[in-house]
Amino acid sequence: MDLSSRTLRHLSGLLARHRRRIGSRWRRLTCGRQALLVLAHLRCGDTYAHLAAGFRVGIATAYRYIREVVDLLAALAPTLEQAMTTVRKKAYVILDGTVLPIDRIAADRPYYSGKKKHHGMNVQVLADPAGRPIWASDALPGATHDLTAARTHGIPAALAADDIKCWADKAYQGAGLAIRVPIRGKNLHGWRRRHNRDHTKIRSLGERAMAILKSWRLLRKLRCSTTRITTVVRAVVALELAS
C-alpha cells in the first residue's frame, strides 16, 4: 500500500487505546494486524473475502473488525462547526462536490446522477488553499444538486456567519455572497474573461482534495449500504487529517 508507516502506527495506537477502554480480551489479530486489515480495505478496496483469506480469519470476523475501526475513526472526523475553527485560520477555502459511485440498479432513481451518468452519493468537501481536505459532509443521494446539498448541510450560512471567503464552481450560483463563483455566459471578453480565468486557477486546486479522497480506492466503487457511506467517508477524512 502507498501509505506511510506513520498512518499504520497512528491507527494501531488508536485501536490499542480503544481496546483498553472497552476491556477487550484476546483477539485473533493484534492491534497492528487489525489496523493493517482496515487500511487494506479502505486504501485498496479489497473485499471481505480476500481480506479474510489473507489474514486467516473468517469473513464475519473481518467484517466485524473493519466496522469497529471505521466507526471509531468516523467519530473523530470534524463536524462542520469544528471545521470552521480551522477554516477561520485560512485565507480562503474551496468548496466542491463529488458523486461517489455506488452499486445500484437502474430503478434506484434518487441515487442516479444525471450529470455523472451513474448511481452514487453526493458528498460536499471543503479544502484549504493548497487543496487539502478539511471537512466532508454527510452523503446524500446522487440525484441531489450540489447547491441543494450545500444548503442542506448549512455550508453557505456557516461561511457567511464567519465572513469566510470561498471559491466554488458554477454549480453553486445563488449560494450567497460568501461563495464566489465564475461569471456565467459564453464568449466572455475583457475583465469578465480574466475574472473567470483567475477564478479557475484558484478553484482548480479543490480537485486535489477530491483526488486525495479517491486515492482511497474503496471510495471509487462503494458496495456497502448507502447508510454506511457517510461513516466510511468520515473515516477516510479522519485518517487524512491525522496524517
Side-chain angles (χ1 to χ4, degrees), residues 74 76-100 113-116 120-186 188 190-216 219 229-230 232-243:
L76 299 176
T79 63
L80 181 58
E81 292 75 16
Q82 292 169 337
M84 285 298 109
T85 302
T86 301
V87 168
R88 293 186 197 104
K89 302 175 184 177
K90 308 295 182 181
Y92 60 88
V93 292
I94 304 167
L95 172 63
D96 202 359
T98 187
V99 178
L100 301 176
S113 169
K115 179 181 178 181
K116 298 296 184 180
M121 299 293 285
N122 182 299
V123 174
Q124 301 294 302
V125 177
L126 285 175
D128 67 12
R132 293 181 294 261
I134 298 174
W135 171 84
S137 72
D138 293 349
L140 296 175
T144 308
H145 191 274
D146 281 338
L147 178 57
T148 302
R151 287 173 171 167
T152 300
H153 301 307
I155 300 171
L159 294 171
D162 290 321
D163 195 24
I164 296 168
K165 297 178 182 178
C166 176
W167 267 256
D169 62 28
K170 60 183 179 181
Y172 298 90
Q173 292 278 354
L177 297 177
I179 299 180
R180 304 184 179 189
V181 296
I183 299 172
R184 301 185 67 174
K186 297 180 180 180
L188 299 176
W191 70 268
R192 291 181 176 84
R193 185 174 182 177
R194 291 193 298 272
H195 173 274
N196 280 5
R197 184 175 61 245
D198 293 341
H199 185 281
T200 299
K201 289 180 181 178
I202 296 173
R203 186 195 58 78
S204 61
L205 291 174
E207 298 296 332
R208 184 187 176 212
M210 298 303 179
I212 289 173
L213 292 181
K214 291 180 180 179
S215 66
W216 298 84
L219 298 183
I229 292 176
T230 293
V232 172
V233 172
R234 288 185 175 277
V236 168
V237 171
L239 283 171
E240 281 295 336
L241 293 177
S243 62

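All values derive from a computational prediction rather than experimental measurement.
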Inset, instruction - Without swapping roles, check the side chain of Q82 against the backbone of T79 for a donor-acceptor pair under 3.5 Å. - result: yes
For residues 90-100, which side-chain N or O atoms pair as donor and acceptor with protein atoms under 3.5 Å away, sequence neighbours left out?
from: T98; atom 1: OG1; to: K214; atom 2: NZ; distance (Å): 2.9

Inset, instruction - Return the set of residues passing side-chain contact (heavy atoms from CB on, under 4.5 Å) with A130 (not counting sequence neighbours), or none when no residue passes. - result: D128, R132, R208
Inset, instruction - Could you tell me whether the side chain of T230 and the main chain of A139 form a donor-acceptor pair under 3.5 Å? - result: yes
Legend entry - Derivation and outcome, side-chain contact (heavy atoms from CB on, under 4.5 Å), residues D138 and R234: CA-CA 8 Å; D138 293 349; R234 288 185 175 277; 2.8 Å; yes
Legend entry - Taking every non-hydrogen atom, the tightest pair across P156 and A175: CB-O, 3.4 Å
Inset, instruction - Output yes when a side-chain donor or acceptor of H199 lies under 3.5 Å from a complementary backbone atom of R180, and no otherwise. - result: yes
Inset, instruction - Output yes when a side-chain donor or acceptor of N196 lies under 3.5 Å from a complementary backbone atom of I183, and no otherwise. - result: yes
Inset, instruction - Check for a donor-acceptor pair, side chain of Q173 on one end and backbone N or O of P182 on the other, with a separation under 3.5 Å. - result: yes
Inset, instruction - Only counting residues at least two apart or in another chain, list the ones meeting side-chain contact (heavy atoms from CB on, under 4.5 Å) with T148. - result: T144, H145, T152
Legend entry - Rounded distance [0.5 Å steps], CG in L205 versus OG1 in T200: 11.0 Å
Legend entry - Distance (rounded to the nearest 0.5 Å) between I202 CD1 and W167 CH2: 5.0 Å
Inset, instruction - Under the side-chain contact (heavy atoms from CB on, under 4.5 Å) rule, collect the residues that match up with A83, sequence neighbours excluded. - result: I134, W135
Legend entry - Taking every non-hydrogen atom, the tightest pair across V125 and A209: CG1-CB, 4.3 Å
Inset, instruction - Report yes if the side chains of L140 and Q124 come closer than 4.5 Å at any heavy-atom pair, otherwise no. - result: no
Legend entry - Contact summary for L80 and G154, nearest pair of heavy atoms: CD2-O, 3.9 Å
Inset, instruction - Measure the CG-CG distance between L159 and L177 for me, rounded to the nearest 0.5 Å. - result: 12.0 Å
Legend entry - Non-hydrogen atoms of A149 and N122 that approach each other most closely: CB-OD1, 3.6 Å
Identify each donor-acceptor pair in which a side-chain atom of residues 235-243 lies under 3.5 Å from a protein atom, sequence neighbours left out, and give them as a table.
from: E240; atom 1: OE2; to: W216; atom 2: NE1; distance (Å): 2.8
from: S243; atom 1: OG; to: L239; atom 2: O; distance (Å): 3.2
from: S243; atom 1: OG; to: E240; atom 2: O; distance (Å): 2.9

Legend entry - With T85 via side-chain contact (heavy atoms from CB on, under 4.5 Å) - residues at least two apart: R88
